[in-house]
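Chain letters run A, B, ... following the sequence lines, proteins first, then strands; residues in each count from 1.
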Amino acid sequence: MNPADLSASLLAVVTTVLAGRGSSEPVTIDDVSLDRPRNRDHGDWSSNIAMKLAKPLGIAPRELAQEISDALAAVAGVASVEVAGPGFINIRLDAAAAGALAKTIVEEDAGYGRGDLYQGVTMNLEFVSANPTGPIHIGGVRWAAVGDSLARIFQSQGGIVTREYYFNDHGAQIDRFARSLLASWAGEPVPDDGYAGDYIAEIAARVVEAYPGELETVPTREEVQEVFRAVGVEFMFADIKKSLHDFGVDFDVYFHENDLHETGAVDHAIERLRELGAIYEADGATWFRTTDFGDDKDRVVIKSDGEYGYMSGDLAYYLNKRERGFERNLIMLGADHHGYVRRLMAMTAAFGDKPYYNLEILIGQMVNLLRDGKPHRMSKRAGTVVVLEDLVDAVGVDAGRYALVRSSIDSQIDIDLDLWGRKTNDNPVFYVQYAHARTRAVARNAATSGVDRSVFDAALLTHESESQLLGILAEFPRVVRQAAELREPHRIARYSEELAGAYHRWYDNCRVTPLGEDPVADVHRTRLWLNDATGVVLRNALGLVGVSAPERM
RNA sequence: GCGCCCGUAGCUCAGCGGAUAGAGCAAUUGACUACGGAUCAAUAGGCCGGGGGUUCAAAUCCCUCCGGGCGCACCA
């Protein structure tokens, strides 16, 4: 008896009760929501369906609740049902029905928690997309952790996911980068609009190293700058890729903006909009009438000097993704880009697509890194650069990813490098990882002591801490689904902490291996199933946030 | 001025209409000749920024004010 079964039973009961009252009120599985009450006195599961339906039916909530309750009590696996408060229906399962889940989980193993929310849906997740003009700053790193986790979650819901990195090798920022490299090489000061930072000198030196003694022979300064541009970008980009890879994030597609221009995709996109009547000329420029689709001002796509406006690349890129067959396109940006949402949604609508469906923009708030309680400034342009490697050096991949993924992207977060670098119990990631390592240690001890999984009798899982643990294990598939629907990986992380806590409490109360000379009994064998089930779910949960589940720590 | 996000325990943060608002850390007190003490048990700590409204029920939804962060180009 898992929550889905119980929901189905409840729905059947409610439908019958309503029919008996001559009501044709339509009720679906989504209406009969079941909650796990905080307070254990309120049962294993609780439903507010009676309070929701009472009003339209004109019945007293408690009266309706009682009727549903009486019918539900007869369902197999349900130990008791009572009506409480204003009309809550509190359900208690018998131990065997609740405990059966432990076996199910062990058998489903990596499959437990998967769902079919996005079965067969093609999804493109674009994130990080930092320009190769410097190291990735912490905002990009947040998305590396969260975006990759989202990808894993969508995949676990059957989505066909492409992780994509859009990189701008076309615009003026790259020009500035190239000029900065050139200036560094020539021993000149940083150009006014150039990039500072030690990495510029480093990259310049590597370019020189790649062409020993040759740069001096290049006739014009422009040509030298071209070398720095082409080779410098390549080096920078290779560094970025490697940093991300070391962080456990690999992309399926690295998309170059240049390709859009070279293949004429930009003109193609503008022509398409022109056919749709969304383009006009004014003040010598070409405009996209985004205000027809909810934007607050129209946007330039070809400037009066003949150059493409910034948005033209976005138009072409979006069309390109659609032409590549992606149904759902998600773009993850920092809070400093939230102003783009409206115009991109206008674009989506102008192309005849569905805003917030075919295209979604996720906005992540800023991250502050603290060291010794003092903020680190993060800007490629300023001297103090905090890069992915710094984070990994300070706290490691697991703690870094976990710290970034355990908070809602709507919240600005402060990450204390000292705290997250600590390998002690004030670091939540270790609390969870330790719980997993402990399930493995218990399993090893069980094997040594002759406890195996040859017997499973769920009715023996009667301890309060076992019922708590089972309740939390049962919730995992819903948590994953919800994380997918809401694009909120932090729910998985928080869930894993809750599960780890319940496991530690269970461990404290219920032994898997018998004490001393006590004989191995069925209760020990059955508990081993529960222990292993917890290990499976912790591993699956950590996997979804890209954090390792160690066998030992 | 307009727009997006945030304001919950000392700190970092959960809580997409439900019952007595939670976790971790920090504080205080306990538990190891018991499967790993990186653990557990207990205590203490809150006008959920203020004020209105909707609802049987609001931290949650709506309005408004205050406070903080980030944006509002023919720059990318």
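Counting non-hydrogen atoms under 4.0 angstrom, Ser407(A) reaches the backbone sugars and phosphates but no base. Within 4.0 Å of Arg511(A), counting heavy atoms only, lies at least one base atom of the nucleic acid. Contact annotation for Leu515(A): base contact, defined as any heavy-atom pair under 4.0 Å involving a base atom. Heavy atoms of Glu307(A) sit nowhere under 4.0 angstrom from any nucleic acid atom. Counting non-hydrogen atoms under 4.0 angstrom, Ile302(A) reaches nothing in the nucleic acid. Using a 4.0 Å heavy-atom cutoff across all strands shown, Asp296(A) reaches no nucleic acid atom at all. Asn90(A) comes within 4.0 angstrom of a base, heavy atoms only. Nucleic acid contact class of Asp414(A) (heavy atoms, under 4.0 Å, all strands): sugar-phosphate only. Heavy atoms of Arg299(A) sit nowhere under 4.0 angstrom from any nucleic acid atom.
Taking the C1' atoms as reference points, A19(B) lies 15 Å from U60(B), given to the whole Å. A gap of 42 Å separates the P atoms of G49(B) and C32(B), to the nearest Å. Atom P of G15(B) sits at a distance of 32 Å from the matching atom of G37(B), rounded to the whole Å. Here, C65(B) and G7(B) have their C1' atoms 14 Å apart, quoted to the whole Å. Going from the C1' atom of U54(B) to that of C72(B) covers 33 Å, rounded to whole Å. Only the P atoms considered, U39(B) is 27 Å distant from C16(B), to the nearest whole Å. Of the C1' atoms belonging to G51(B) and G10(B), the separation is 27 Å, rounded to the nearest Å. For the P atoms, the distance linking C75(B) with G69(B) amounts to 29 Å, nearest Å.
The 5' end of RNA chain B is approached more closely, in terms of each residue's nearest nucleotide, by Ser46(A) than by the other of Tyr340(A) and Ser46(A). Between Asp305(A) and His490(A), the one whose closest nucleotide on RNA chain B sits nearer the 5' end is His490(A).
Put simply, OH on Tyr503(A) is 18 Å from P on G24(B), counting in whole angstrom units. In this entry the distance linking CD of Glu488(A) with P of G15(B) reads 6 Å, nearest Å. Rounded to whole Å, atom C1' of A23(B) lies 12 Å from atom CD1 of Ile472(A). Atom CZ in Arg406(A) sits roughly 7 Å away from atom C1' in U12(B) (whole-Å rounding). Regarding Glu475(A), its CD atom lies at a distance of 13 Å from the C1' atom of G15(B), rounded to whole Å. For Leu362(A) and C70(B), the CG to P distance is 21 Å, given to the nearest whole Å. U39(B) atom P lies 20 Å from atom CZ of Arg440(A), rounded to whole Å. In this entry the distance linking OH of Tyr402(A) with C1' of C25(B) reads 14 Å, nearest Å.
When Watson-Crick and G-U wobble pairs are counted only if both distances are under 3.5 Å, C4(B) pairs with G69(B). With a cut-off of 3.5 Å on both Watson-Crick or G-U wobble distances, the partner of U60(B) is given as none. Judged by Watson-Crick or G-U wobble contacts below 3.5 Å, the nucleotide G36(B) has no partner. When both pairing distances are held under 3.5 Å, U20(B) makes no Watson-Crick or G-U pair with any nucleotide shown. If you check A27(B) for Watson-Crick or wobble pairing at under 3.5 angstrom, you find it paired to U43(B).
Taking a cutoff of 4.0 Å between a charged side-chain nitrogen and a carboxylate oxygen, Arg179(A) and Asp193(A) qualify as a salt bridge. A salt bridge between Glu281(A) and Arg274(A) is present, with a side-chain N of the basic residue lying under 4.0 Å from a carboxylate O of the acidic one. Taking 4.0 Å as the cut-off between side-chain N and carboxylate O, Arg36(A) and Glu498(A) count as a salt-bridged pair. Classification of Asp296(A) and Arg299(A) as a salt-bridged pair holds, one side-chain N sitting under 4.0 Å from a carboxylate O. Under a 4.0 Å N-O distance rule, the pair Asp508(A)/Arg505(A) does not qualify as a salt bridge. Remark: Asp175(A) engages Arg229(A) in a salt bridge, criterion side-chain N to carboxylate O under 4.0 Å.
Put simply, Lys52(A) has no side-chain N or O that comes within less than 4.0 Å of OP1 or OP2 on U55(B). OP1 or OP2 of G37(B) lies within a sub-4.0 Å distance of a side-chain N or O belonging to Tyr507(A). Listed pair Arg491(A) / C16(B) meets the phosphate criterion, a side-chain N or O lying under 4.0 Å from OP1 or OP2. The side chain of Lys297(A) contributes no N or O atom lying less than 4.0 Å from OP1 or OP2 of C2(B). For the OP1/OP2 pair of C56(B) and a distance below 4.0 Å, the side-chain nitrogens and oxygens of Arg62(A) include no atom meeting the criterion.
For Gln412(A), the side-chain atoms get nearest to G69(B) when compared with the rest of G24(B), G69(B), G36(B). Distance from the side chain of Met51(A) is smallest for G18(B) among the nucleotides C16(B), G18(B), A19(B). The side chain of Lys303(A) sits closest to A76(B) out of A76(B), G36(B), C16(B). Listed candidates were C74(B), C16(B), A76(B). Nearest to the side chain of Gln482(A) is C16(B). The side chain of Pro428(A) lies closest to G24(B) when the candidates are G24(B), G37(B), A19(B). Relative to the side chain of His504(A), the nucleotides A34(B), C40(B), G36(B) differ in distance, and C40(B) lies closest. When distances are taken from the side chain of Arg505(A) to each of G18(B), G37(B), C40(B), the shortest belongs to C40(B). When distances are taken from the side chain of Asp410(A) to each of C5(B), U39(B), C70(B), the shortest belongs to C5(B). Each of G18(B), G36(B), A14(B) was ranked by its minimum atom distance to the side chain of Ser408(A); first place goes to A14(B).
Looking at Asp508(A), its side chain has no donor and acceptor atom pair within 3.5 Å of the base of A34(B). Put simply, the side chain of Asp336(A) and the base of G71(B) share no donor and acceptor less than 3.5 Å apart. With hydrogens and angles ignored, no donor-acceptor pair under 3.5 angstrom links the side chain of Ser411(A) to the base of C6(B). In this model, a side-chain donor or acceptor of Asn39(A) finds a partner on the base of U20(B) within 3.5 Å.
Stacking between Tyr431(A) and the base of A38(B) is absent under the criterion of ring centres within 5.5 Å and planes under 30 degrees. The side-chain ring of His337(A) is not stacked on the base of G71(B), judged by centre separation under 5.5 angstrom and plane angle under 30 degrees.
Atom OG1 in Thr291(A) sits 3.5 Å away from atom CG in Asp298(A) (nearest 0.5 Å).
Aromatic ring centres of His256(A) and Phe167(A): separated by under 6.0 Å. Between Tyr165(A) and Phe255(A), the distance from one ring center to the other does not fall under 6.0 angstrom. Centroid-to-centroid, the aromatic rings of His504(A) and Tyr434(A) come within less than 6.0 Å.
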